[in-house]
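Quick caveat, the model's predicted, so the values are computed rather than measured. Protein chains get the first letters and strands the later ones, always in sequence-line order, with residue 1 at the start of each.
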Number of protein chains: 2
Amino acid sequence: MTTTRNPADTRQKILAAAFQEIHRQGYQGMRVDRVLSKTGLKKGALYHHFCSKQALGFAVLDKLIAKRIAELWIEPLQDCTDPLQDIHDLYERLGNICGEEFFTLGCPLNNLAQEMSPIDDGFRERIGRIFQSWQQALSKALQAGQERGLVDKGIDAEDCATFILSAVEGALGMTKTRQDMAVYYRCGRELQRYLNSLRAIHPAGTKPDSGG
Amino acid sequence: MTTTRNPADTRQKILAAAFQEIHRQGYQGMRVDRVLSKTGLKKGALYHHFCSKQALGFAVLDKLIAKRIAELWIEPLQDCTDPLQDIHDLYERLGNICGEEFFTLGCPLNNLAQEMSPIDDGFRERIGRIFQSWQQALSKALQAGQERGLVDKGIDAEDCATFILSAVEGALGMTKTRQDMAVYYRCGRELQRYLNSLRAIHPAGTKPDSGG
DNA sequence: TTTTACAAACAGACCGGTTGGTCTGTTTAA
DNA sequence: TTAAACAGACCAACCGGTCTGTTTGTAAAA
C-alpha cells in the first residue's frame, strides 16, 4: 500500500516541495503551511524531520541545489577537452535541459545568494562554498586548457572564472527579469565572443599544431 | 523650529528610510514599523503619504532607484565619444563613487528585479521599463560608436547591450554574494576584455585614421 | 490685524489575519 | 514493547492596515 510509512521518502518529499516554494517565492517568502499542503503532510511530520524553517532551507541548499550545480557544471568540467568550447556547450545545454518556467524563476542558487547572503551568515557560508567549488571547476578547466595550448597563457584563470560565473548568473538573472528566454540565448552568443577572446593566439597563417 | 511641519520633507524621509530597508532586507523583508522607527514618524504619517506598503515600494522604485540609474548610467552615455571606453569608465567610476557597504548590499534595482519580477506584475513592469531605458542607452551608444568607426560594424548592438547589462549586474551580484569588492574589479578587467573584442578591426600595420 | 474655519498632516491605539513553532496524542514498524 | 513517525489542535508574536482624535498651517471672513 502507499499508506506505509517511509521516512526517507517523506523527507525527500518535503525537500522537493520546499525547493519549489523557495524557487518561486524566495526563502523568506516560502511558507511552511504551503510546503505542507503541497505534500499532504502535517506540521508534526515536518518538524519531526527538520527542527526549524531555517534548517529546512539549509537542507534544500545542501542536498538539492548543491547537487544540481555539481551535476550541471562541476562534474562535466572535470575532464573536458576544450574548456572554452565546453563552457559554452554547458551554457547552451542548460537552455535545452531546463524548461522556460525554470528560466522565469531564475537560478535557485543565485536567488538564495541575492536574498540571504547579506542578512544570514549560515546561508552566506553555504552558498559561498558552492560558488567556490563552481568557480574552481571553471578555473581548473581553463588552466588545463592553457597547458594544452588551447587557452591564452597570458590570462588569469581565476579572474576569467570569476567573470564567467558572474556573466552566467547575470544572464540568468536578466532572463528572469525580462521573463524572456531570448535574453538567455543572446547573452550566450556574446559570452561565446568573450570566450573566444581567451583563445591562444597562434602566428598568422599557421595552424595551432603545425607551428614549429 | 525643527518641529514645523514639512510634508514634502516628511515624504522624502520616508522614501529614504524605505529605500535603505528595501536595500538591506528586500521588499518583502522590509517592515513598515522599521521604516517608522528610522524616521521617528508614526503610522498615521506614513499611511497619509502612501496608501499601502506596495505604493511605498513603487515610489521608492520610481523616485529614487530609477533616478539613480539615470544619473549613473543613462545620462552619461547620451553623448559619449568612445562607448567601449566610456562604458568601462562608468563601471570603474561606480566602484569609486559607492562605498563598500553599497556593494555588499547589491544593486537596488536588480535586487528588486530578482525578488519581485516573478511574483508581482506591478514591480515587473516598472523594473522592466527602467532596464529597458538602460539597455537602450547602451545600445544607442554602441551604434553611435559603430557610425564613428570605433565599434565593429559586424556586431549586433542590441545583443551586446543585453550582455553588457547582464554582465554588470552579474558582477554586482557576485560581489554581493562574496561580500568582496575585489570580485567587482576582477570582473571589470574581464568586461574590458570583452569590450575590446567589439572594437573595429583595422588592417594590420595601419592606424585607425591613417588607412586609405 | 485678528478671528474663524477647515483641510492637510500627523499621533497612536487598535485589529484581524498570518506564521513559525509547540505540545500532546496516536499510529506504525521493528 | 518501544521508539520513531506522524496527526492536528493550539499559541504567541508579528505585521500590514484602519480608525479616531489631535495638531498645524493657511486662507477667507470679520
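- Summarising the geometry, the separation between CD on B/Gln25 and P on D/dC15 is reported as 11 Å, rounded to the nearest angstrom.
- In this structure, B/Gln114 contributes its side chain and A/Gly106 its backbone to no donor-acceptor pair below 3.5 Å.
- Between A/Leu56 atom CG and C/dT19 atom P there is a gap of 16 Å when expressed in whole angstrom units.
- Residues B/Glu115 and B/Asn111 have side chains that never bring a donor and an acceptor to within less than 3.5 angstrom of each other.
- Tested against B/Asp33 for a salt bridge (Lys or Arg N to Asp or Glu O under 4.0 Å), the candidates B/Lys43, B/Lys38, B/Lys53 yield a single pass: B/Lys43.
- Taking OH of B/Tyr91 as the start and CG of B/Asn96 as the end, the distance is 12.0 Å to the nearest 0.5 Å.
- Distance from the side chain of A/Arg31 is smallest for C/dG20 among the nucleotides C/dA11, D/dG25, C/dG20.
- Place A/Met30 and A/Gly44 on DNA chain C by their nearest nucleotides, and A/Met30 ends up nearer the 5' end.
- In this structure, the CD atom of A/Gln54 is 16 Å from the C1' atom of C/dT19, given to the nearest Å.
- Ranking C/dC10, D/dA9, D/dA7 by closeness to the B/Arg5 side chain, first place goes to C/dC10.
- Between A/His48 and the phosphate of D/dA7, there is no side-chain N or O to OP1/OP2 separation shorter than 4.0 Å.
- In this structure, the nucleotide among C/dA13, C/dA11, D/dG25 sitting nearest to the side chain of B/Thr4 is D/dG25.
- Per the geometry, CZ belonging to A/Phe50 stands 15 Å off P belonging to C/dG20, to the nearest Å.
- At the heavy-atom level, A/Lys53 lies under 4.0 Å from the strands shown only through sugar-phosphate atoms.
- The listed nucleotides are D/dG16, C/dC10, C/dG20; the one nearest the side chain of B/Tyr47 is D/dG16.
- Between B/Leu36 atom CG and D/dC14 atom C1' the separation is 15 Å, expressed in whole Å.
- The side chain of A/Lys43 sits closest to C/dT22 out of C/dT22, D/dT18, C/dC10.
- You'll find that the side chain of B/Ser52 is closest to D/dG17, out of D/dG17, C/dG21, C/dC10.
- Under 4.0 angstrom from either OP1 or OP2 of D/dC6 there lies at least one side-chain N or O belonging to A/Thr10.
- Distance B/Asp33 CG to C/dA11 P: 14 Å, rounded to the nearest Å.
- Between A/His49 and D/dA4 there is no side-chain polar atom (N or O) within less than 4.0 angstrom of OP1 or OP2.
- As a whole-Å value, the separation of B/Gln28 CD from C/dT19 P is 11 Å.
- Going from atom CG of B/Leu41 over to atom C1' of C/dA9 covers 11 Å, rounded to whole Å.
- Around CZ of A/Arg93, the count of heavy atoms belonging to other residues, nucleotides or ligands within 6.0 Å does not exceed 12.
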